[in-house]
Number of protein chains: 2
Amino acid sequence: MPKAKISHSQIIQASLETLAKCQTLDAFSMRKVAATLPVDVSTIYWHFENKQALLQAMADEIAAQITFPDSRLAWQQQLTQLFNTIFSVYVAHPHAAELMLATVPSSKIRLSLMNHTISILVTAGFSEQQSSEAMATINFFLTGLVIHLSREYQLQNNVTNKQTSYLQKQVTKVPQITHEEKLAHIQNAIQEHHSQSAKQQFEVGLKLIIKGLVSDQSH
Amino acid sequence: MPKAKISHSQIIQASLETLAKCQTLDAFSMRKVAATLPVDVSTIYWHFENKQALLQAMADEIAAQITFPDSRLAWQQQLTQLFNTIFSVYVAHPHAAELMLATVPSSKIRLSLMNHTISILVTAGFSEQQSSEAMATINFFLTGLVIHLSREYQLQNNVTNKQTSYLQKQVTKVPQITHEEKLAHIQNAIQEHHSQSAKQQFEVGLKLIIKGLVSDQSH
DNA sequence: ACCTGAACACCGTTCAAGT
DNA sequence: ACCTGAACACCGTTCAAGT
């Protein structure tokens, strides 16, 4: 039994580092991962069935960093703490939200996390149905927001990359058209957007959904 | 001035038809579009700067089908009507939600739509900030939900395609692991999920967010 | 058991050259 | 003004062959 040149987890680590250097999830490739390792691309296919399998493993690795909230807190605070953790884990790993969206939550780790989120709400007195729907709503919102944020960041810290320069041109068009068409609300939104941190934006959205839940509870 | 073989809009139409036949947005390619047209791939690059530009045009074409709600209705009903329309337009066009996410809302049509959504809330008495945040929250939720739905549909109506078969295997894992790990809430969620239509799921989530807004308003 | 190299069927994009 | 063909630099994936 000869010693393996690389392990399962070494590939995952290299993959996450490679992804971090990519401008988009699309730009992430098996060949780029292999280039950072002392093996050929084809070797990765001995360790992982295909690219999707590697993506699933990467998503699980990231999800593993999410810790459960303190169960002694009130449900609102438990939810806030949990999603704050998820938020910071997603922000710490470039394209983490895209990865979660591109991937099926079929692992023990991800399903347990979802189950725990629902259980916080059920323990608070919500029905199973309400709880799972609220979990999905918050998840979709969070994922959408983080993807949006990472795009913005990407476009601002752009090194005049050929691929993203067209997208940058599109972003420049926004205030221009907004002005031409006199879309006053969008103008306001752009202003406020700049005066608020990503974390604040997230918190406001989360509070909105929690308020909806509270309102349901009191009826 | 020789007559053009194809027009701008013919390419967009062909693109939307091509996209409809693709299992994923990833599978959509310039070469596949060209294959359905009497021109070479390279010709598309005379009409569109690049693939991203074509995607933007496709997104705008879809967005153009979204009609504004009746302004005589109460704000809650206006929102519900508007997002119901968006929901059905997204569902009618395969991968529409992915397209919106992959694309910058930089066109007059998309920015006007966003502006109008905010204006409904501002007219109802919400602050500019609250209104634009609520708009973003609902948008993220809707996009996330529709993407989720189209994946599910895609996996169910799968013709044992090589590419999606791995994903299907992942989906099969979900109830299995859920059972092994005794994740009772996820089990419940799966059950309820099947008993509810996509539209119902969407409506429940939207109502939750609207309730959060109402609760804000009354304070 | 683990790895390589070459091959296959795809991509997006460019550009000289045609009409 | 509009289109073509060939080329370039990429992809994911497979598989006989090596150790």
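Residue numbering restarts at 1 for every chain, and letters A, B, ... go by the order of the sequence lines.
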> Relative to the 5' end of DNA chain C, which residue comes earlier, A/S42 or B/V41, by the nucleotide with the nearest heavy atom?
Replying inline: A/S42
> Can you name the ring-ring contact (aromatic ring centres under 6.0 Å, His included) partners of A/F202, sequence neighbours left out?
Replying inline: A/F87
> At their closest point, which heavy atom of A/D60 faces which heavy atom of A/S107, and how far apart are they?
Replying inline: OD1-OG, 2.7 Å
>> Output the rounded distance in Å from CD (B/E49) to P (C/dT13).
In response: 10 Å
> Are there more than 12 heavy atoms of other residues, nucleotides or ligands under 6.0 Å from atom CD of A/Q191?
Replying inline: no
>> In this structure, how many angstroms lie between the P atom of D/dC10 and the NZ atom of A/K51, rounded?
In response: 15 Å
> Between C/dC3, C/dT14, D/dG5, which one does the side chain of B/D40 approach most closely?
Replying inline: D/dG5
> When you measure from every atom of DNA chain D, which of residues 9-21 of chain A have a heavy atom less than 4.0 Å away?
Replying inline: none
> Any side-chain N or O of A/K32 under 4.0 Å from OP1/OP2 of D/dC10?
Replying inline: no
>> From CG of B/D26 over to C1' of D/dC10, roughly how many Å is that when rounded to an integer?
In response: 15 Å
>> My understanding is that only residues two or more places apart in sequence, or in another chain, count here; which of them pass side-chain hydrogen bond (donor to acceptor under 3.5 Å, both in side chains) with A/K169?
In response: B/E49
> Looking at A/Y90 and A/A97, what are the two nearest heavy atoms and their distance?
Replying inline: CD2-CB, 4.1 Å
>> Looking at A/K199, I'd like to know if its NZ atom is crowded, meaning that more than 12 non-hydrogen atoms belonging to other residues, nucleotides or ligands lie closer than 6.0 Å.
In response: yes
>> Without decimals, in angstroms, what is the distance between A/I6 CD1 and C/dA1 P?
In response: 17 Å
> Taking the side chain of A/M30 as its heavy atoms from C-beta onward, which of C/dT4, D/dG12, C/dC11 lies nearest to it?
Replying inline: D/dG12
> So which nucleotide from D/dT13, C/dT13, D/dC3 ends up closest to the side chain of A/Y45?
Replying inline: D/dT13
> Between D/dC3 atom C1' and B/L37 atom CG, what is the distance in whole Å?
Replying inline: 13 Å
> Atom CH2 of B/W46 to atom C1' of D/dG5: distance rounded to whole Å?
Replying inline: 19 Å
>> Applying ring-ring contact (aromatic ring centres under 6.0 Å, His included) as the test, list every pair that has at least one member in residues 28-51 of chain B; sequence neighbours left out.
In response: B/H8-B/F48
>> Mind checking if A/F48 touches a base, just sugar-phosphate, or nothing, with heavy atoms under 4.0 Å?
In response: nothing
>> Show the nearest heavy-atom pair for residues B/I12 and B/A57, with the distance to one decimal.
In response: CD1-CB, 3.7 Å
> Once Watson-Crick and G-U wobble pairs under 3.5 Å are found, how is DNA chain D written in dot-bracket notation, 5' to 3', with | for any base paired to another strand?
Replying inline: ||.|||||...|||||.||
> Quick one: is C/dC3 close enough that its OP1 or OP2 comes under 4.0 Å of any side-chain N or O from A/H47?
Replying inline: yes
>> Students often get this wrong, so: under 4.0 angstrom with heavy atoms, is A/T43 touching a base, only sugar-phosphate, or nothing?
In response: base
> Who are the ring-ring contact (aromatic ring centres under 6.0 Å, His included) partners of B/H179, not counting sequence neighbours?
Replying inline: none
> What interatomic distance, in whole Å, is found between P of C/dA17 and the corresponding atom of D/dC2?
Replying inline: 22 Å
> Is there a donor-acceptor contact under 3.5 Å linking the side chains of B/H148 and B/Q201?
Replying inline: no
>> Checking contacts here: which listed nucleotide (C/dC3, C/dT13, D/dG12) is nearest the side-chain heavy atoms of B/N50?
In response: C/dT13
>> Between P on C/dC10 and CZ on A/R31, what's the gap in Å once rounded to a whole number?
In response: 15 Å
>> From CD1 of A/I44 over to P of C/dT4, roughly how many Å is that when rounded to an integer?
In response: 10 Å
